[in-house]
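Please read the structure below before turning to the comments.
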Amino acid sequence: MTMLQVDNMTKEFGGLRAIDSLDLTIKKGMILGLIGPNGAGKSTAFNCIAGSFAPTRGEITFDGTRITGEKPWNLCKMGLARTFQIVKPFASKSVLYNVTVASFATTGSRKIAEEKAVAVLESLNFGDKKDILSGNLTIADRKRLEIAKALATEPKLLLLDEVMAGLRPNEVDEMVDILKALRDRGITIFVIEHIMRAIMALSDRIVVIQFGKKIAEGLPSEIANNEKVIKAYLGEDYVVA
Amino acid sequence: MNHQHFNKVMIVGLLVAAFALPLVVRSATYMHILVLLLFYAYLTTSWNIVGGFAGVLPLGHAAFVGIGAYTSTILSLQYGVSPWLGMLVGGVLATIAGVIIGLPTLKMRGAYFALATIAFAEGFRVMVENIDYIGPLKLNGPRGLQIPPLETGLTSFMFATKEPYYYIILVMLLAVMLLTYIISRSKLGYYLIAGGEEPEAAMALGVNVARARLIAMAVSSFLTALAGTFYAQFSLYIHPKSIISLDMSFEIAFIALIGGRGSIIGPLLGAMLLRPVSDFCRIYFGDTLPGMHLIIFGLVLIFVMYYQPRGLQEPLSRMYQRLFTRKTLATTGR
Ligand SMILES: Nc1ncnc2c1ncn2[C@@H]1O[C@H](COP(=O)(O)OP(=O)(O)OP(=O)(O)O)[C@@H](O)[C@H]1O
Ligand SMILES: [Mg+2]
C-alpha cells in the first residue's frame, strides 16, 4: 500500500543539481521524516512532488496515479496538500477566510466551506482566533494556520515543510501530538524538520539527504546512530537534544 | 436596533436619496455631471471585479467601452437594431476580446500585465481611428459616429432630458454592485482574492489562479461594454478619442485605487471624489491645461496611498462602524 513513490527524481536549476536521482517510498498511514543540512534540497523535493515545478527527470506516483509535472491545484484536488516553509497567509484576510479558501477545494457552497473551516480550526485548538487578521498572527500561529489550510483541503497525503521552526519547546510538543493525531485519523504525512527531538519522536522512518542525494534511510534509532549522518548532517557542533 | 438592522435602514435611506436626487437637482448641467459620475462609478465597479479582486492592474478597459459603444451604434445606425440588443452583442464581443487578451497576459505579474493591457487598448484605438469601413460596417475613422435623434423613449434608448439616463445608469450601477457583493461571497471571489494575494499558496490549495482571473476578466469586459452603449446613447456622438481613450482607462484605475480596490463601495466613493475634480478641471482648465485632472489625481493618489493604502473606503467604513454600530474592525478581517 504505497501512498507516494518517487523514482530517480532529479531537479536542476541551471547548472545546480538540487535533487540528484532521488528514490522515495511512503506507505499509507505512515509518517516519513526528511532531514538534511541547509540547502540539501528538501524543499525542492517537496516543490517537485507538489507540482510547483516539474522535475528535470524522474517519475512521481501518488496513490497509484502518475503525477509527474501535474499542476498543483489538480494535485490538491487529488488529495495532496502541502505547507510552505516561508508561510504564505492571505494577509489582509481573517484566519477563517484563509481556511475557507482551502475548504472550497471540496465544495462550491460558502456555508459548507465555512463550517468545514471552523471544524478544522477547532480540531487544531485554533477556533478562538478565527476572526483575527492572518497578517497579525504570531509565527507559531502562522505555522498552525498553514497546517489548518492544508488540512481543510481534505488531503490523503500531507507535506509539511518545517512547521515547527520558530516554535517554543512546549509548542513543539503540542505540534507533535497534533500530527500524531492526524496520522491516527488516516492521513499519511511527509515532514521536513530541523528539530531533531521532534522528528525522532514523530517519524516511522527517516530519509536523510545531502547535496540532493539520499545518504541514509531507516528507523529513527538507526538514523540517530548512523555514522554517515552524524558526520554529514549533525556535524561536530550539533547537539542531539 | 442591532447593527445589521441599522445597516439595512441605512442602505434603504441611501437608495431613496439616490432615486430622489433628480427631484432636487433641477439644473441640466449638474444632472449631466451626476450621470457621468454614476457612469464612472459603474465602469470602475466593473473594472474592480478583475482589477480589485484578482490583484492585477488592467489599464486598458476603455477598449471594452469602445467595443460596446461602436457595436450597438453601428448595429442601430446601419441595421436598425435596438440599442438594447446591440448592448448585449457589444457585451459578448467585449467578453471575447477580454478572454483573448486575458489568456496570454493574466499569468503575468504586475507591470507586465498592466503594460500589455495599455498596448492592446491603444492599438485598438489607433486601428479604429484609421479604419473607415470593416466590410460593410462603417466606423468612420477619427470622425466617429453621430446618432441622429429618433423618437424618444425607453425602446429607442433616447431621451430628451437627463433624468431617464440618470435612472438607467443608477440601476445599472446598483446591479453591478450587487453582483460584486455576490461574487465576493462566492467561491470565485475567495479564489480571486487568494490568487491575488499569494498565487503560489492559492494554487497549492486547489485554486487555478489563471482560470479564476480569466472568468473575472470575461465578466468585467462584458459589464464594461454595456456602459459603452450607455455612453453612446447618452452623448449621441462617439469617436475614438472620446470612447477608447487612455485617459478614460487611467481615470478608472485612479478612481479604484483612491476609492479602495477590491471593496464594494470603493469605486463609488472614488467616483464621488474624483469626478467633480475631473469636471471642474475640464470646465476651468480644459483649454489652457487639458491634462490638469490627471495631475491632480496623481497627487491625490500619492496622498491616499501614503496614509490609506487600501483606499478611502477603509477609514470611512471604520468611522461608520464606530459611529453607528459600535463594532470595531481593528483586528477582525472581512
Ligand atoms: N527556485 C530556485 N531557483 C534556483 N535555485 C534554487 C531554487 N530553489 C532552491 N534552489 C537551490 O537549490 C538548493 C536546495 O534548496 P532547498 O530550498 O531545496 O534546500 P532545503 O534543504 O530546503 O534547505 P533549508 O533547510 O535551508 O530549507 C539550494 O542550493 C538552493 O539555493
Ligand atoms: Mg527548505
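Quick caveat: nothing in here was measured; it's all calculated off a predicted structure. Chain letters run A, B, ... following the sequence lines, proteins first and then strands; every chain starts at 1. Side chains are part of it too, since the values below use all heavy atoms of this structure and drop only hydrogens, waters and symmetry mates.
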Among the listed options B/A194, B/G196, B/G189, B/A202, the residue most often paired with chain A at heavy-atom distances under 4.5 Å
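When all of B/A194, B/G196, B/G189, B/A202 are compared, B/A194 has the most.
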Check: [X] side chain, [Y] main-chain N or O, donor-acceptor pair, under 3.5 Å:
X: B/N48; Y: B/S263; value: yes
X: A/E70; Y: A/G51; value: no
X: A/S134; Y: A/F90; value: yes

So for [X], is it side chain, backbone, both, or neither that comes closer than 4.5 Å to the heavy atoms of chain B?
X: A/K149; answer: both
X: A/A81; answer: neither
X: A/F104; answer: both
X: A/A50; answer: neither

If you count heavy-atom pairs within less than 4.5 Å of chain B, which of A/S52, A/P89, A/P72 leads?
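Most heavy-atom pairs within the cutoff with chain B belong to A/P72.
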One pair to check against side chain to side chain donor-acceptor pair (under 3.5 Å): A/E59 and A/T68. What are the steps and the verdict?
CA-CA 6 Å; A/E59 293 292 336; A/T68 319; 3.0 Å; yes
Take A/S43 and A/Q85 through the test side chain to side chain donor-acceptor pair (under 3.5 Å) and record every step on the way to the result.
CA-CA 8 Å; A/S43 298; A/Q85 181 174 357; 2.7 Å; yes
